[in-house]
Colleague: 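Got a structure for you, written out below as structure tokens; questions coming shortly.
All values derive from a computational prediction rather than experimental measurement.
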Amino acid sequence: MADVPLSRAEEQNYFSVLTTASKSFLLAAGLHLGVGTLAGVTSQKLFKRTLPFLRGLCNTDVVRFASSVALSASIYKALKILLHKYCTIPEAWHHLLAGFLAGLGSTIDEPVRRRTLTLYMVARALGCLVITLHKRGYLPSVPHFVPLVFGACQGLIVVAVARYPYLLPPSYYNAVVRWSMYYDEEKLEMYMRRRQVDFIPCNALLHQGSCHIYAWKDFVAGMWLYSKMHGVMYSISLFVLSPTSLLGNPVRAVTQFLKKTLISATFLAVNGAAVKYVVCLLRNAWGGGPPIPHLIPALAAIVGSSSVVLERPSRQLELVYYVMSQVLYSAWRLICVKKILGLNKLPWGSVWFQCFSLAILMYGYESERDSISPLLHTTLNFLLGRNNQV
């Protein structure tokens with residue numbers, strides 16, 4: 001029996017799946033290397049031991065992560081084509097089903113990273129649901145909703161840093177302590193957690209001199225640290241996701257890059273300095289010995305979080321999704337520690353949560369495009385094609 005030649009449309013479909021897989025692999029590999037470089041900048045390892053650090057970035061873990069992302073993206077693209085051709089159910093169900101099964105590609109990823117990415121996707125899926133329900137009139141408008149959610153999440157995170165560090169991801173907790181500059185594990189134990197009768201003044205060990213002067217010094221040091229960090233982050237975004245804008249209008253692209261870097265660095269510097277300054281003020285006003293009341297770090301975090309209004313609305317939404325993922329991790333850790341409903345024994349739990357989250361996100365991308373953030377929208381456009389037609 002003679003082979004039936006492929007039609008032009010079928011050739012285009014097969015080619016689009018291969019293109020999606022290739023783009024996804026390269027983007028994920030670039031993202032992995034970029035995050036590693038960003039971590040090297042913030043920890044100073046990149047500048048102290050440059051060659052050993054760069055060699056450590058290029059390992060089999062990059063291939064594993066990139067393969068996982070490429071597999072998920074190509075599964076979604078292929079299933080969408082097949083469902084469109086052979087299935088008569090409504091189009092929206094195609095996106096839900098293809099998104100759900102695409103989540104199975106995460107099974108080849110490293111378990112700890114898969115859990116982290118799953119929580120990040122769950123946060124985005126919740127945001128997608130809230131925005132969709134609001135646009136359809138099921139939820140009322142709340143003024144300054146995004147900054148309020150950010151403040152609530154940051155309040156929970158700072159309380160966990162001060163009193164319950166085991167509820168946070170170790171890498172995230174270590175990064176927060178490192179970014180705080182004059183706090184470390186010993187000082188947190190002494191000032192925040194270990195029970196003592198007498199009040200410990202700030203200048204005993206925490207910092208020298210006045211809290212007011214040190215807050216300004218902390219802000220200046222934070223501007224330098226966070227400018228380096230965001231400079232790397234935004235340069236990766238510019239070269240990987242928006243190379244055409246850099247080639248088409250380099251002056252405007254560089255100006256936007258510098259503006260974004262300055263605004264984001266200012267936000268984090270103000271946020272960090274304000275949190276530590278308010279903790280100092282409230283501790284001195286309270287005058288009691290450790291452990292400190294939960295209200296002190298919570299109020300300090302809420303005051304510091306008000307600086308998020310310096311960021312662009314789209315960036316505020318990305319920050320909310322980021323802190324939400326950390327809060328979700330804390331909730332999961334609490335479930336595991338307390339053994340609530342036996343959810344801690346759910347086999348392949350992170351994979352199933354990622355499947356459901358991807359189903360919601362891909363439905364939002366295809367049918368409710370205003371419900372997902374511009375960054376995710378741009379990324380999916382790059383991976384799946386701007387029109388994403390089958």
Side-chain angles (χ1 to χ4, degrees), residues 13-39 55-83 94-125 128 169-172 236 240-241 321-322 325-326 328-329 332-333 336 343-366 372 375-376 379-385 388:
N13 287 339
Y14 285 124
F15 181 74
S16 68
V17 173
L18 293 175
T19 302
T20 296
S22 302
K23 284 183 175 181
S24 303
F25 186 92
L26 293 174
L27 179 64
L31 179 63
H32 190 286
L33 295 173
V35 170
T37 304
L38 186 62
R55 283 197 297 267
L57 281 180
C58 303
N59 52 40
T60 56
D61 193 52
V62 178
V63 178
R64 186 173 183 179
F65 172 65
S67 300
S68 172
V69 175
L71 180 59
S72 293
S74 54
I75 286 174
Y76 177 80
K77 189 72 173 181
L79 283 175
K80 187 183 173 187
I81 293 171
L82 293 173
L83 290 170
H94 296 179
H95 311 146
L96 287 167
L97 183 58
F100 181 88
L101 293 176
L104 297 175
S106 64
T107 53
I108 65 175
D109 197 10
E110 193 271 326
V112 175
R113 182 173 52 233
R114 181 175 64 230
R115 181 187 60 202
T116 301
L117 292 175
T118 297
L119 293 172
Y120 193 53
M121 289 183 185
V122 170
R124 287 181 173 276
C128 180
S171 58
Y172 178 74
I236 293 169
V240 174
L241 294 179
Y321 290 144
Y322 180 70
S325 66
Q326 310 306 323
L328 288 170
Y329 179 92
W332 178 254
R333 281 289 297 153
C336 292
L343 291 175
N344 57 307
K345 297 180 180 178
L346 182 65
W348 295 92
S350 60
V351 175
W352 297 120
F353 277 110
Q354 189 163 148
C355 288
F356 283 110
S357 300
L358 267 177
I360 295 171
L361 288 173
M362 296 316 300
Y363 171 80
Y365 172 69
E366 301 283 4
I372 63 175
L375 176 62
L376 181 59
T379 304
L380 291 174
N381 276 343
F382 174 79
L383 297 178
L384 303 175
N388 195 25

Colleague: Identify the two heavy atoms, one from R115 and one from S350, that lie closest to each other, and give their separation to 0.1 Å.
Modeller: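 So the minimum-distance heavy-atom pair works out to CA-CB, 4.1 Å.
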Colleague: Does S22 have any side-chain contact (heavy atoms from CB on, under 4.5 Å) partners at least two apart in sequence or in another chain, and if so, which?
Modeller: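 S22 satisfies side-chain contact (heavy atoms from CB on, under 4.5 Å) with no other residue.
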Colleague: Taking only residues two or more places apart in sequence or in another chain, which ones pass ring-ring contact (aromatic ring centres under 6.0 Å, His included) with F25?
Modeller: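 F25 satisfies ring-ring contact (aromatic ring centres under 6.0 Å, His included) with no residue once adjacent residues are dropped.
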Colleague: Starting from the C-alpha separation in whole Å, work towards a yes-or-no answer on side-chain contact (heavy atoms from CB on, under 4.5 Å) for Y365 and N381.
Modeller: CA-CA 9 Å; Y365 172 69; N381 276 343; 2.7 Å; yes
Colleague: Apply ring-ring contact (aromatic ring centres under 6.0 Å, His included) to Y120 and list each qualifying residue two or more places apart in sequence or on a separate chain.
Modeller: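 None.
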Colleague: Less than 4.5 Å apart, any side-chain heavy atom of Y76 and any of L380?
Modeller: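 A side-chain contact is absent here, since even the closest heavy-atom pair is not under 4.5 Å.
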Colleague: For H94 and L83, work out which heavy atoms get closest and say how close.
Modeller: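 Result for this residue pair: CE1-O, 3.3 Å.
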Colleague: With a cut-off of 3.5 Å and sequence neighbours excluded, list every side-chain donor-acceptor pair involving residues 67-75.
Modeller:
residue, atom, partner, partner atom, Å
S67, OG, V63, O, 2.7
S68, OG, G105, O, 3.1
S72, OG, S68, O, 3.2
S72, OG, A102, O, 2.9
S74, OG, A70, O, 2.8
S74, OG, L71, O, 3.1

Colleague: Please list all pairs passing the side-chain hydrogen bond (donor to acceptor under 3.5 Å, both in side chains) test where one or both residues lie in residues 103-113, with sequence neighbours left out.
Modeller: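 Of all non-adjacent pairs touching residues 103-113, those that pass side-chain hydrogen bond (donor to acceptor under 3.5 Å, both in side chains) are D61-R113, D109-R113.
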Colleague: Supply the atom-to-atom distance W332 CH2 to S325 OG, rounded to the nearest 0.5 angstrom.
Modeller: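 Between W332 CH2 and S325 OG, I get 15.5 Å after rounding to 0.5 Å.
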Colleague: Can you give me the closest heavy-atom contact between I108 and R64, atom names plus distance?
Modeller: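 In this case the closest contact between I108 and R64 is O-NE, 2.8 Å.
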Colleague: If we only count heavy atoms from C-beta on, is the I372 to R124 side-chain gap below 4.5 Å?
Modeller: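 No - every pair of side-chain heavy atoms lies 4.5 Å or more apart.
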Colleague: Taking it one step at a time, do K80 and E366 satisfy side-chain contact (heavy atoms from CB on, under 4.5 Å)?
Modeller: CA-CA 11 Å; K80 187 183 173 187; E366 301 283 4; 3.1 Å; yes
Colleague: Sequence neighbours left out, cut at 3.5 Å: what donor-acceptor pairs do the side chains of residues 353-363 make with other protein atoms?
Modeller:
residue, atom, partner, partner atom, Å
Q354, NE2, T118, OG1, 2.9
S357, OG, F353, O, 2.8
Y363, OH, R136, NH2, 3.1

Colleague: For R333, which residues count as a side-chain hydrogen bond (donor to acceptor under 3.5 Å, both in side chains) partner, sequence neighbours excluded?
Modeller: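 Partners of R333 under the side-chain hydrogen bond (donor to acceptor under 3.5 Å, both in side chains) test: none.
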